[in-house]
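Residue numbers start at 1 and run along the sequence shown.
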Amino acid sequence: MSPSKSVADSSKANHEGTQRVAVIRPVRADDFERVFNLAQTADGGMTNLPKDEDALRARIDHAVASFASNAKEPGREVYLMVLEVGGEILGTTAVFSSIGLDSGFVNYRVNSIFHASEQLDVRIKRRLLVLTHDYTGAGEVGSLFLSSEARGSGLGKLLSRSRYLFIAQSPEIVADPVCAELRGWRAPDGEQPFWNALGKHFFEMEFEDADVHNSANGNQFIADLMPRSPIYACLLPEAARDCIGKPHDAALPALKMLNQEGFEYRNYIDIFDAGPLVSTKKEKIRTVRESVTMPVEIGTVEGGESALIAAGRVETFRATSATVSVSHETVTLSEDVAEALQVKSGDLVRWVR
């Protein structure tokens with residue numbers, strides 16, 4: 001039985017006695033080997049899921065400490081979660097409490113600038129790349145990665161939307177606005193036109209090396225080495241200009257889901273690969289707005305509807321997708337779904353269609 005088939009509709013099946021309900025939960029230290037193996041299958045550009053063993057272990061350790069920190073407000077916490085099905089880890093997702101507090105969160109804002117000459121009767125509008133820290137201190141959702149074998153099963157939506165249920169459960173520990181960065185476009189052969197035209201000249205290293213360094217050591221070196229003067233996009237090669245705000249082909253489904261949740265592109269891009277940054281306010285996120293809390297009833301689900309359900313807060317947070325029955329007073333879950341969420345009758349859960 002493939003992972004995709006086993007979780008295709010509400011993630012329910014049994015395999016040699018093992019419960020196969022897909023559940024999102026906080027990462028644990030003993031997940032390292034499975035997450036490391038998953039990271040090896042990711043394409044370049046997944047900064048928050050590094051292939052470097054030391055960098056990944058440090059991120060997992062930081063996440064474990066974040067969940068245990070009992071934070072009361074946004075700080076340096078990173079809440080990395082994994083998608084587990086029958087003991088296998090098939091994906092990752094994360095909520096960043098407040099980004100860039102140590103060395104700033106750096107990106108380019110794409111401004112428009114207008115030049116005009118009455119003498120020549122010429123009017124020209126140009127794009128200007130301006131280095132900014134505008135999103136320093138914002139919340140972020142990221143680290144979204146799903147193993148190739150599990151794609152097409154609906155698990156991508158579960159990974160994505162579970163982050164918003166996490167925010168809805170504990171809004172006080174996530175800063176406003178909330179942003180998301182998407183990987184920038186690269187050629188089928190792996191070439192990075194934007195990096196080759198700009199970043200490479202200042203960092204004197206290949207894109208993958210800069211990406212690994214960023215994963216392992218943070219982005220202070222970006223602020224140290226990038227030119228502080230605005231850059232006219234028209235001075236870049238056409239292939240590099242075409243990358244500005246253009247997501248990686250593999251990131252298009254993620255961008256679509258972000259747009260459906262209310263995230264918008266506001267002319268901010270990554271300084272490495274020019275991938276788009278999108279953002280919105282917490283209260284405007286669709287899943288946050290539409291989700292409600294109700295007490296649980298455990299029993300047979302008949303004539304129900306598809307839903308995402310979350311239970312617990314922060315270190316006890318768990319989420320899954322399932323068919324549920326909803327009345328005016330309760331939401332009915334099957335026994336295996338209740339077990340996956342670690343809830344009993346009468347407990348409160350948050351659910352959304």
Side-chain angles (χ1 to χ4, degrees), residues 24 26-27 46-50 55-56 58-82 92-109 131-145 159-182 214-224 226 254 258 261-272 275-285 287-289 310 312-317 319:
I24 307 291
V27 71
M46 285 292 295
T47 306
N48 293 315
L49 192 62
L56 180 62
R59 288 184 179 272
I60 290 177
D61 289 345
H62 180 63
V64 171
S66 296
F67 281 109
S69 67
N70 196 30
K72 298 294 191 295
E73 60 185 11
R76 294 172 174 80
E77 296 80 24
V78 177
Y79 301 103
L80 176 66
M81 293 169 276
V82 297
T92 61
T93 192
V95 176
F96 297 76
S97 182
S98 185
I99 55 178
L101 296 183
D102 291 322
S103 55
F105 181 77
V106 187
N107 52 27
Y108 277 129
R109 184 177 65 242
L131 205 65
T132 96
H133 291 85
D134 289 355
Y135 278 90
T136 294
E140 184 183 13
V141 291
S143 303
L144 183 66
F145 182 72
L159 275 169
S160 179
R161 298 184 72 191
S162 64
R163 301 175 297 190
Y164 314 131
L165 291 174
F166 181 91
I167 292 171
Q169 290 285 79
S170 306
E172 72 281 359
I173 61 173
V174 181
D176 243 345
V178 178
C179 67
E181 283 192 301
L182 292 111
N214 188 25
S215 298
N217 303 294
N219 63 7
Q220 179 60 48
F221 77 111
I222 298 174
D224 293 340
M226 280 302 289
L258 286 161
E261 291 289 335
F263 287 77
E264 296 180 357
Y265 174 60
R266 305 174 195 275
N267 294 318
Y268 288 85
I269 63 170
D270 181 79
I271 69 165
F272 279 2
L277 179 147
V278 295
S279 65
T280 191
K281 301 289 284 184
K282 282 186 295 189
E283 69 270 14
K284 293 185 177 180
I285 299 173
T287 295
V288 173
R289 287 188 290 106
R313 298 180 71 253
V314 195
E315 62 183 335
T316 62
F317 179 83

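Between Pro26 and Tyr79 the shortest side-chain heavy-atom distance does not fall below 4.5 Å. At least one side-chain heavy atom of Arg76 sits less than 4.5 Å from a side-chain heavy atom of Asp102. For the pair Tyr164 and Val178, the minimum side-chain heavy-atom distance is 4.5 Å or more. A 4.5 Å side-chain heavy-atom check between Lys282 and Ile167 finds at least one atom pair inside the cut-off. Side-chain contact between Cys179 and Ile99 is present, with heavy atoms from C-beta onward closer than 4.5 Å. Residues Met81 and Leu159 form no side-chain contact, since every pair of their non-hydrogen atoms from C-beta on lies 4.5 Å or further apart.
Taken from CZ in Phe166 to CD1 in Ile24, the straight-line distance is 12.5 Å, to the nearest 0.5 Å. Annotation: the span from Asn267 atom CG to Thr132 atom OG1 amounts to 11.5 Å, rounded to 0.5 Å. Rounding to the nearest 0.5 Å places CD of Glu261 at 9.5 Å from OG1 of Thr280. Interatomic distance, OG of Ser66 versus CZ of Arg59, reported as 11.5 Å (0.5 Å rounding). Within the model, atoms CD1 of Ile271 and CG of Asn107 stand 8.0 Å from one another, a figure rounded to the nearest 0.5 Å. Of the inter-residue distances, the one linking Glu73 atom CD with Ile173 atom CD1 reads 11.0 Å to the nearest 0.5 angstrom.
Residues passing the salt bridge (Lys or Arg N to Asp or Glu O under 4.0 Å) test with Arg163, sequence neighbours excluded: none. Listed by chain and residue number, Ala180, Leu182, Leu255, Leu258, Phe263, Tyr265 satisfy the side chain to side chain contact (heavy atoms under 4.5 Å, CB included) test with Val278 (two or more places apart in sequence, or in another chain). Partners of Thr316 under the side chain to side chain donor-acceptor pair (under 3.5 Å) rule, at least two apart in sequence or in another chain, do not exist in this structure. Partners of Tyr135 under the side chain to side chain donor-acceptor pair (under 3.5 Å) rule, at least two apart in sequence or in another chain, are Ser279. Remark: Asp61 pairs with no residue by the salt bridge (Lys or Arg N to Asp or Glu O under 4.0 Å) rule, at least two apart or across chains. Every residue two or more places apart in sequence or in another chain was checked for a salt bridge (Lys or Arg N to Asp or Glu O under 4.0 Å) with Arg289, and none qualifies. Listed by chain and residue number, Arg109, Tyr268 satisfy the side chain to side chain donor-acceptor pair (under 3.5 Å) test with Asp134 (two or more places apart in sequence, or in another chain). Qualifying side chain to side chain contact (heavy atoms under 4.5 Å, CB included) partners for Thr136, counting only residues two or more places apart in sequence or in other chains: Phe105, His133. For Ser98, the side chain to side chain contact (heavy atoms under 4.5 Å, CB included) partners at least two apart in sequence or on another chain are Pro74, Leu101, Ala175. The salt bridge (Lys or Arg N to Asp or Glu O under 4.0 Å) test applied to Lys284 returns no partner, not counting sequence neighbours. With sequence neighbours excluded, the residues that form a side chain to side chain contact (heavy atoms under 4.5 Å, CB included) with Glu283 are Asp176, Lys281.
Of the possible polar contacts, none joining the Thr287 side chain to the Leu165 backbone as a donor-acceptor pair under 3.5 Å is found. In terms of modelled atom types and a separation under 3.5 Å, the side chain of Glu181 and the main chain of Gly275 share no donor-acceptor contact.
Sequence neighbours left out, the pairs with a member in residues 164-173 that pass salt bridge (Lys or Arg N to Asp or Glu O under 4.0 Å) are Glu172-Arg313.
For Thr92 against Leu80, the heavy-atom pair with the smallest separation is CB-CD1, 4.2 Å.
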